[in-house]
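Computed from heavy atoms alone, side chains included, the values below leave out hydrogens, waters and symmetry copies.
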Amino acid sequence: MSTAPSSTPPAADEAVAAAAPQRRHTARDLAQIAVFTGLIAALGLPGAIYLGSTAVPITFQTLGVMLAGAILGVRKGFLSVLLLIALVAAGLPLLSGGRGGLGVFVGPSVGYLLGWLVGVVVIGWATARLLPRYRLLPALLWTALGGIVAIYAVGVPVLAVITGTPIGVAAAGALLFLPGDAIKVVITVLVAKGVHRAWPGLIEPKPWPWARRAAAVDAARGREVDAA
């Protein structure tokens with residue numbers, strides 16, 4: 001008895017099989033991005049604290065930005081922050097104190113908001129290279145570089161321009177944020193270490209650029225030795 005040929009070519013079957021895991025992975029990525037967007041928004045619910053004459057509030061939302069980079073990595077972390085900013089631009093009151101709308105983007109805190117995008121990229125990029133070991137001291141240093149230095153590097157100059165404040169005065173005012181942001185860095189690193197230990201693979205480990213160059217040099221030397 002002959003067997004009827006399949007209506008679907010083998011190549012098509014292989015393509016469908018290969019595409020299925022990719023779709024599941026994409027759905028998981030979207031879910032993670034949405035969860036961290038929600039986390040950053042939720043961290044704004046306690047409200048904002050204004051110290052002294054600074055025009056920029058102290059909020060918990062920077063903690064969510066740091067966590068997004070340290071747990072999701074560059075791409076997903078960046079998209080989670082970008083999604084939050086897009087929703088704010090659309091008018092949703094997702095920033096601390098119920099702020100939202102296009103008016104936020106002409107206010108004195110817009111530099112810090114845009115600095116979140118830079119900070120999450122720095123943290124995500126470094127975290128991929130700190131894994132799988134994720135040692136505490138290097139993680140603290142890199143998270144501080146992204147979560148404090150990078151964000152301030154964008155936020156302080158923009159604040160100075162918008163408010164007409166001398167850059168030195170704006171930088172001095174930013175010192176008020178340092179103690180709280182340092183605590184957020186420590187919390188981020190401790191949480192991220194636990195998460196990566198419990199769920200390895202959230203971020204694909206990658207080599208440092210200098211390690212990649214060293215490996216390329218060693219490989220070239222090996223080929224030279226083999227040729228000799």
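Atom-to-atom distance recorded for T127:OG1 and H196:NE2 is 6.0 Å, nearest 0.5 angstrom. To the nearest 0.5 Å, atoms OG1 (T188) and CG (L63) are separated by 4.5 Å. The distance from the CG atom of L145 to the CG atom of L140 is 12.5 Å, given to the nearest 0.5 Å. Summarising the geometry, atom CZ belonging to R129 is positioned 10.5 Å from atom CD1 belonging to I203; distances are rounded to the nearest 0.5 Å. We find the CG-OG1 distance between D181 and T143 to be 12.5 Å, quoted to the nearest 0.5 Å.
R197 places no side-chain N or O within 3.5 Å of a backbone atom of G194 that could act as its donor or acceptor partner. No donor-acceptor distance shorter than 3.5 angstrom exists from the side chain of K193 to the backbone of L136, with no hydrogens or angles considered. Judged purely by atom type and a 3.5 angstrom limit, S80 has no side-chain atom pairing as donor or acceptor with the backbone of T37. Remark: side-chain polar atoms of E204 are not paired, donor with acceptor, to backbone N or O of G73 under 3.5 angstrom.
Crowding of K206 atom NZ: a count of heavy atoms from other residues, nucleotides or ligands under 6.0 Å not exceeding 12.
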Taking it one step at a time, do T62 and M66 satisfy side chain to side chain contact (heavy atoms under 4.5 Å, CB included)? CA-CA 6 Å; T62 309; M66 296 183 194; 3.8 Å; yes
Test side chain to side chain contact (heavy atoms under 4.5 Å, CB included) on V191 and I71 and set out the steps. CA-CA 9 Å; V191 171; I71 294 176; 4.2 Å; yes
If you apply the rule side chain to side chain contact (heavy atoms under 4.5 Å, CB included), what do you find for L43 with T59, and how did you get there? CA-CA 8 Å; L43 287 171; T59 77; over 6 Å; no
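Hydrophobic clustering of Ile, Leu, Val, Met, Phe, Trp and Tyr side chains at less than 4.5 Å, counting indirect connections, keeps L131 apart from L141.
Applying the ring-ring contact (aromatic ring centres under 6.0 Å, His included) test to pairs two or more places apart or on separate chains, those with a residue in residues 137-169 are W125-W142, W142-W208.
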